[in-house]
Amino acid sequence: MDKGVAVKRILLKLSGETLMGDQGFGINQEACQQVAHYLHKIHGMGLQVAVVIGGGNIFRGINLRATGLPRTSADHMGMLATLLNGIALQQALMAAGAKACVMSALECPKVAESYNWGKALQYLEEGTILIFVGGTGNPYFTTDTAAALRASEIHADILFKATKVDGIYSRDPLKHSDAVKYDRISYSQVLAEKLQVMDATAIALCRSNQIPIFVFNMRRLLENDLEPVLKDFSHGTLVDDYENKISGT
Ligand code: UDP
């Protein structure tokens with residue numbers, strides 16, 4: 001299916017859970033190696049690859065509010081969790097033979113380079129797989145928003161968002177058997193219907209900067225079945241402003 005997106009530079013948003021494997025928590029070395037292997041493979045297909053990794057396998061700030069911690073402190077801890085994941089993924093990528101660099105929005109120079117836009121572009125051009133960590137560097141945001149921000153900054157052709165389901169549905173398909181899957185949907189419809197795929201800030205940022213989003217099942221990444229996703233955007237949902245494209249506005 002030709003959906004009109006020519007892809008050379010991608011931003012892949014991986015939730016921390018991708019690195020968790022079958023465990024209930026933390027980092028599973030085998031899952032890390034699998035993810036690294038396929039990222040290396042995608043890179044070998046001639047794509048420039050940047051990743052934003054989440055931290056939900058270690059913890060999410062929002063869950064810690066129940067413990068009485070202030071949200072800002074909890075979010076700092078959440079952002080630090082993404083650093084742990086980034087370091088693990090970088091090591092796995094290097095072991096797989098890839099060049100990989102971790103760039104952090106939270107300054108932590110002994111363990112990761114500080115985020116720098118110009119350097120990030122240079123690394124991508126040079127064939128280094130970039131792992132962005134530390135989210136946006138600010139509390140009250142998510143790594144989905146960080147993904148939309150970095151995708152905009154590096155002029156990614158598309159943001160790939162790996163989730164637990166095969167795309168965007170009218171309702172949660174894990175709870176409702178009558179949920180209908182969309183092949184393609186506009187940013188505005190995702191926002192209007194409050195579809196739970198990425199937070200509204202991330203969707204709005206992609207809409208403003210015309211970054212298409214492709215939502216697919218993270219299992220494809222772990223089972224080495226990403227080619228149909230990358231080549232013709234099948235097995236998922238494409239989010240863009242196609243309604244405007246159709247009406248010529
Ligand atoms: N976080 C934050 N600011 C950001 C990105 C993330 O404060 O810009 C914190 C927030 O507490 C979040 C945690 O980091 O819960 C982990 O990120 P996220 O929940 O997005 O991870 P994922 O669900 O993708 O694994």
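Positions are given from 1, in the same order as the sequence printed here. In each ligand, atom 1 is the first atom listed, and ligand 1 is the first ligand listed.
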Engineer: Ion pair present between Asp240 and Arg184, side-chain N to carboxylate O less than 4.0 angstrom?
Structural biologist: yes

Engineer: If you measure from the Lys or Arg side-chain nitrogens to the Asp or Glu carboxylate oxygens, is any gap between Glu125 and Arg9 under 4.0 Å?
Structural biologist: yes

Engineer: Which atoms of ligand 1 have any heavy atom of Thr136 under 4.0 Å away?
Structural biologist: 4 (C), 8 (O)

Engineer: After noting the C-alpha distance and the side-chain angles of Thr237 and Lys181, does the key distance pass the side chain to side chain donor-acceptor pair (under 3.5 Å) rule?
Structural biologist: CA-CA 8 Å; Thr237 302; Lys181 179 174 167 262; 4.8 Å; no

Engineer: Need the ligand 1 atom indices (1-based, order shown) with element for anything under 4.0 Å from a heavy-atom of Gly54.
Structural biologist: 21 (O), 22 (P), 24 (O), 25 (O)

Engineer: For the 3.5 Å polar cut-off, considering only N or O atoms, please tell me whether Asp75 and ligand 1 meet it.
Structural biologist: yes

Engineer: Looking at every heavy atom in both Ile129 and Ala98, which two are closest together, and how far apart are they?
Structural biologist: CD1-CB, 4.1 Å

Engineer: Which of the atoms of ligand 1 are close to Pro139, meaning less than 4.0 Å from one of its heavy atoms?
Structural biologist: 7 (O)

Engineer: Could you tell me the residue and atom name of the protein heavy atom closest to atom 5 (C) of ligand 1, and the distance to it rounded to 0.1 Å?
Structural biologist: Thr142 C, 3.3 Å

Engineer: Check this for me, if you would: do Lys164 and Glu17 make a salt bridge, where the nitrogen-to-carboxylate-oxygen distance has to be below 4.0 angstrom?
Structural biologist: yes

Engineer: Under 3.5 Å between some N or O of ligand 1 and some N or O of Gly135?
Structural biologist: no

Engineer: Can you figure out which of Ala146, Gly78, Gly56 has its heavy atom closest to atom 13 (C) of ligand 1?
Structural biologist: Gly78

Engineer: Which of these, Leu83, Thr143, Leu80, Ile87, sits in a side chain to side chain contact (heavy atoms under 4.5 Å, CB included) with Val133?
Structural biologist: Leu83

Engineer: Please report which non-hydrogen protein atom sits nearest to atom 15 (O) of ligand 1, along with the residue it belongs to and the distance in Å to one decimal place.
Structural biologist: Gly61 N, 3.1 Å

Engineer: Evaluate whether atom CD of Glu193 has more than 12 neighbouring non-hydrogen atoms of other residues, nucleotides or ligands under 6.0 angstrom away.
Structural biologist: yes

Engineer: Any heavy atom of His76 closer to ligand 1 than 4.0 angstrom?
Structural biologist: no

Engineer: Around Glu107, counting heavy atoms of other residues, nucleotides and ligands shown, do more than 12 lie under 6.0 Å from its CD?
Structural biologist: no

Engineer: Would you check whether Gly55 has a nitrogen or oxygen atom less than 3.5 angstrom from a nitrogen or oxygen atom of ligand 1?
Structural biologist: yes

Engineer: Could you check atom 19 (O) of ligand 1 against the protein and tell me its nearest heavy-atom contact, residue, atom and distance included?
Structural biologist: Arg60 NE, 3.3 Å

Engineer: Does atom CG of Asp178 have more than 12 heavy-atom neighbours, drawn from other residues, nucleotides or ligands, at distances under 6.0 Å?
Structural biologist: yes

Engineer: Does ligand 1 have an atom under 4.0 Å from some heavy atom of Ala81?
Structural biologist: no

Engineer: Tell me the nearest of Met77, Met79, Lys161, Lys13 to atom 24 (O) of ligand 1, using heavy-atom distances.
Structural biologist: Lys13

Engineer: Using the side chain to side chain contact (heavy atoms under 4.5 Å, CB included) rule, pick out the option among Leu149, Thr145, Asp144 that qualifies with Thr201.
Structural biologist: Thr145

Engineer: Nearest to atom 18 (P) of ligand 1, what protein heavy atom do you find, and at what distance?
Structural biologist: Thr143 OG1, 3.3 Å

Engineer: For atom 3 (N) of ligand 1, grab the closest protein heavy atom and report residue, atom and distance to one decimal in Å.
Structural biologist: Asn138 O, 2.6 Å

Engineer: Which protein non-hydrogen atom lies closest to atom 2 (C) of ligand 1, naming both residue and atom, and how far is it?
Structural biologist: Phe141 O, 3.2 Å

